[in-house]
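Here is the structure we will look at.
These numbers come from a predicted model, not from an experiment. In the text below, chain A, chain B and the rest are named by the order of the sequence lines, each starting its count at 1.
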2 protein chains.
Amino acid sequence: MTTMKDVANRAGVSTATVSRVLNGHAAPTEQTRTRVLAAIDELGYRPNALARSLRMHSTKTLGLIVSDLLNPFFAEIARAVEDEARAHGYCVVFGNADESAEQQATYVRTLLDRRVDGLLVCPATDDGGWVAEVTESGVPLVLLDRTVDGSTAPVVRVDGTEALRELAASLVATGHERIGVIAGPANTSTGRERLDAFSAALAELGRRPRPEHVLHGDFRRASGAAAAAALMSLPERPSVLVAMDNLMGLGALEELRGRGLVVPRDVGLAVYDDQPWFPLLDPPITVIAQPTVAMGGAAARSLLALIAGEQPADVRLTARLVSRGSCGEAGLVSERASSPFNTAVRTRPTSVSEEDS
Amino acid sequence: MTTMKDVANRAGVSTATVSRVLNGHAAPTEQTRTRVLAAIDELGYRPNALARSLRMHSTKTLGLIVSDLLNPFFAEIARAVEDEARAHGYCVVFGNADESAEQQATYVRTLLDRRVDGLLVCPATDDGGWVAEVTESGVPLVLLDRTVDGSTAPVVRVDGTEALRELAASLVATGHERIGVIAGPANTSTGRERLDAFSAALAELGRRPRPEHVLHGDFRRASGAAAAAALMSLPERPSVLVAMDNLMGLGALEELRGRGLVVPRDVGLAVYDDQPWFPLLDPPITVIAQPTVAMGGAAARSLLALIAGEQPADVRLTARLVSRGSCGEAGLVSERASSPFNTAVRTRPTSVSEEDS
DNA sequence: TCGATCTCTGAGAACGATTACACAGCCAGT
DNA sequence: ACTGGCTGTGTAATCGTTCTCAGAGATCGA
C-alpha cells in the first residue's frame, strides 16, 4: 500500500503538507496543492482510515446491534439507520444478536473495541448488565425498539397502546369471546408492554383473556407455530389469535394452514407488525403497523445528536391498527362471504413504506 | 479511556509485558501474569482494536456489500455470511448499495479505506470498473450471486437453468401459450442469465415468447408492479407471468390483486426466489428456490480461503423448482377448484431454512 | 535598512498497540 | 570464578495519520 510518505516524497513536500491538502486546510499554495494532488493521483493513494481514526479519536462509524437480522422489521430499521447515517457522513457496522443476550454482549464489546463513535442497540432482553460497560467506555448509546433495566440512555420506541385498544374493541365488537394471545418473551419490554396494553384494553371492555389462552413465544417463527398449535389443541380453543410480532404471526399462519384451519372462518388472526405480503393473503391480515423507517431515522438522529454533545429526548412513535378482515371484522366478513374464490382485495394494498413517509 | 500504559503502570511492568499477557505468549511468569490480569480487571481495560489493526495490518473484519438490504434474499445471505465469519473470528461490516452502482463504488472505497481483510460483493451491475481498485489495494475479493465484467475474482452463484427448464416444461404442459416474463435488469448477470435460460428452455420446446411479453424490471417491488400492469394491459395479455425475483414477484402480485385478477384463474404466476410467505398465499405460489444460506456460507468460506492464501474455486449451487399451483399446474388446479374458500395447503409449507440445510 | 508581520512549510511528537533486540539475573558445567 | 545458555522483562522502533510549533522567506511600513 502506498502511504502518505510516498506521496510526500513524490511531490517533494512533507507529510504535513499532504495532510493539509487532503483535509482542505487553508495553508498550502495552489502550486503545491496541485503537485500533491497529482502525486496522489499517480500513486493511486488512499488514506488509511485506521491510522486516521487512531489519531483523531473518531471513526465516523456507528454500531448497530439488531435482535434478529432475518426479521424484516429489523432489516427495515437497519436500512433506515444506514440511510440517515450515510447522509451525515457516517458508516454503519452491523451486529446480529440473534435474540441472544450473550451474542449481543459479544457484539457490544467488539464494537466498543473498534471504537465506534456511537452505539445503537435493539436489546435482546431486559438485562442491562452490558450498559455499564458502554457507559464506562464513554461511547454514546441509544436504545431502539426495546428498553433495558437500569439504563438512562435515550430510547426510540413505538407506542402501541392505542392501536391495541382499537384492536381489542374491534375483536369484542365482532363477537370474539375467546381471544388467544401469542405474546413476545416476558423478558423483553415490547413483549410485556404489548401484552399488558392488550390485556388492559380488554379489561376496560369487561373481558379478561383466560390464562391458558396467553402463551409466550420468542419473537421467531417456530415459536409462533408452536404457540398456535398449543392454543388450537385446547378443548376450548380461541376464536381468534393475536400474534405480537410478524415472525410469530407467520409461524402461526403456517400452523393454521397445516391444520387445515381457514381464517377467519375457523379462527381469526391479527398480527403486530405489518409486512408487504399481509395484504395479499386471503383474507388480508389485520395488523398493527409500526413506522419502521421513522424509527430507524429517529434513532440515528438521536445518536448523532448525542455524539454532538446534545441531550436528545426519548422518542415515542405510535403504531396504528390496519383492519383488513382476518378477524372477521364486521362489513368485511359479509362482503367476503359473497365471493366464491380468492377475490381481489377491496382497496389497493397499502405498502409499509408509504405508511412510513 | 484507559490504555495499555495505564495497565502497565498499575501492574508495575512494561507495556510489552502487558501485551504478552494479553496475547497469550509463553514468556511471562505466573506471578506477573496474575498481577497484570488484576490490573486489567481493576481498570476495566479494553484493548484498542484500531491501534492493534494498524500495527498488525489486519482488522479481522470482512466487508460485505449487498445490492439491497430490504430484499430478504440478501438479508438471508448477509446473515449466513455473518454466521460463518463469526465462527472464524471475523466481524462483518455491511454496506447497502441499493441497486446503485455509484453507491456501491462509494462503499467499496470506504471499506478498502477501513482496511477490511476481505471484500464480499453482490454487484449491482455488470460494470466492473471498481474491481481494479480492489485488486490494486491487494484486498481479497469474492463475488456473490452476480458476476461482473473483466473480473478474475472467485464467484459464488446459483445455477437456475435446470429449474427454469422444468418450469418452462411445466407451463407448456399446463397449456400456457402466452408467457409473460418480468425479467431482471439486462445489465446484471442474473437478470440476463435467468431470462436467457428460460427463453432457451422454451425454444427447446418449440415456443418463443413474444418480444412484447418480455419486460425488464430492476429487481425491486415497484418495477414488478409496473411490468405486471403493462403486461396485463396488452391486447393479447399473457396467461401466466414469470417474475425473476421475489420483490418483483411481490409487486406483480400487488398489481394483479389491485386489478381484481385472480391467480391462477385469470393469470398464472411463478416467481424466482422462494420466501416463507409464498406457500401461504391462495393459491400457494410456484417458485424457484435458491439456497441462500448455503450461498452466504460458501462465499464467506471462499473469502477466508483467499485471505489464507489459497485459491478457492468458483462455487455453483443449483436452484430448484417448487411447484405449488399458482400457474394452474395439473392436479393442483382441480383439487383446488373443489374447495369453495381459502383452503389449507396440501402439504406443510417447506421453510426456506429447511431447504438450505 | 531594519524590525514586524504574515504566509507557507517541515520536523517531530503524539495516538495505542506489537515485537525485535538487548540485557539482567540465575543456574549448571568446567 | 568464569563462560555459556536460559528465562523473563524492558527499551524503543514501528504502523500511517494529524497537528503543534517553530523556522524560512516574503512583504511592508517607518
Side-chain angles (χ1 to χ4, degrees), chain A residues 1-37 39-40 43-61 109-117 137-139, chain B residues 1-37 39-40 43-61 109-117 137-139:
Chain A
M1 262 335 262
T2 78
T3 77
M4 213 155 123
K5 201 184 272 180
D6 300 325
V7 175
N9 286 340
R10 175 122 192 172
V13 297
S14 73
T15 61
T17 301
V18 176
S19 175
R20 278 189 273 256
V21 169
L22 246 55
N23 296 290
H25 282 233
T29 316
E30 195 52 35
Q31 191 195 9
T32 56
R33 187 184 181 65
T34 52
R35 250 212 336 268
V36 168
L37 289 175
I40 286 177
L43 295 172
Y45 166 75
R46 306 243 74 218
N48 184 328
L50 248 37
R52 173 169 224 280
S53 295
L54 178 61
R55 181 60 229 248
M56 305 286 280
H57 300 281
S58 145
T59 49
K60 284 288 184 183
T61 303
R109 253 170 248 134
T110 310
L111 294 182
L112 289 183
D113 288 354
R114 303 198 176 208
R115 297 301 192 266
V116 291
D117 290 346
S137 77
V139 173
Chain B
M1 260 336 259
T2 77
T3 78
M4 211 155 128
K5 200 184 272 179
D6 300 325
V7 175
N9 285 341
R10 175 118 189 175
V13 297
S14 74
T15 61
T17 301
V18 176
S19 175
R20 281 189 272 257
V21 169
L22 245 57
N23 295 289
H25 282 233
T29 318
E30 193 52 38
Q31 191 196 8
T32 55
R33 186 183 182 67
T34 53
R35 248 212 337 268
V36 168
L37 288 175
I40 287 177
L43 296 172
Y45 165 76
R46 306 244 73 217
N48 184 329
L50 249 39
R52 175 169 222 278
S53 295
L54 179 61
R55 183 61 232 250
M56 305 287 278
H57 299 282
S58 145
T59 49
K60 284 288 184 182
T61 302
R109 253 169 249 136
T110 310
L111 294 182
L112 289 183
D113 288 354
R114 301 197 178 208
R115 297 301 192 265
V116 291
D117 290 347
S137 77
V139 173

Worksheet item: Can you list the steps and then say if A/L54 with A/L50 is a side chain to side chain contact (heavy atoms under 4.5 Å, CB included)?
Response: CA-CA 6 Å; A/L54 178 61; A/L50 248 37; over 6 Å; no
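Not one side-chain nitrogen or oxygen of A/T15 sits closer than 4.0 Å to the OP1 or OP2 atom of D/dG16. For the OP1/OP2 pair of C/dG10 and a distance below 4.0 Å, the side-chain nitrogens and oxygens of A/T17 include at least one atom meeting the criterion.
Using a distance-only test at 3.5 Å, with no hydrogens or angles considered, a donor-acceptor pair links the side chain of B/T3 to the main chain of B/K5. The backbone N or O of A/A11 sits less than 3.5 Å from a side-chain atom of A/R35, completing a donor-acceptor pair. Proximity of a side-chain donor or acceptor of A/T59 to a complementary backbone N or O of A/R115 within less than 3.5 Å is detected.
Taking every side-chain heavy atom of A/S14 into account, C/dG10 is the closest of C/dA17, C/dG10, D/dC19. The side chain of B/N48 approaches C/dG16 more closely than any other nucleotide in the set C/dC8, C/dG16, C/dT19. When distances are taken from the side chain of A/L54 to each of C/dA17, D/dG16, C/dT9, the shortest belongs to D/dG16. Nearest to the side-chain atoms of B/A16 among the listed nucleotides D/dT9, D/dT17, D/dG10 stands D/dG10.
Protein atom CG of A/N23 is 7 Å distant from nucleotide atom P of D/dC19, rounded to whole Å. In this entry the distance linking NZ of B/K5 with C1' of C/dT18 reads 15 Å, nearest Å. Computed from coordinates, the B/H57 NE2 to D/dT17 P distance equals 11 Å when rounded to whole Å.
Counting any heavy atom pair closer than 4.0 Å across all strands shown, A/R52 reaches sugar-phosphate atoms only and no base atom. Base contact: B/S19 has a heavy atom under 4.0 Å from a base atom. Within the nucleic acid shown, A/S53 has no heavy atom closer than 4.0 Å to any nucleic acid atom. At the heavy-atom level, B/M4 lies under 4.0 Å from base atoms of the strands shown.
Within 3.5 Å, a donor on the side chain of A/R20 pairs with an acceptor on the base of C/dG10, or the reverse.
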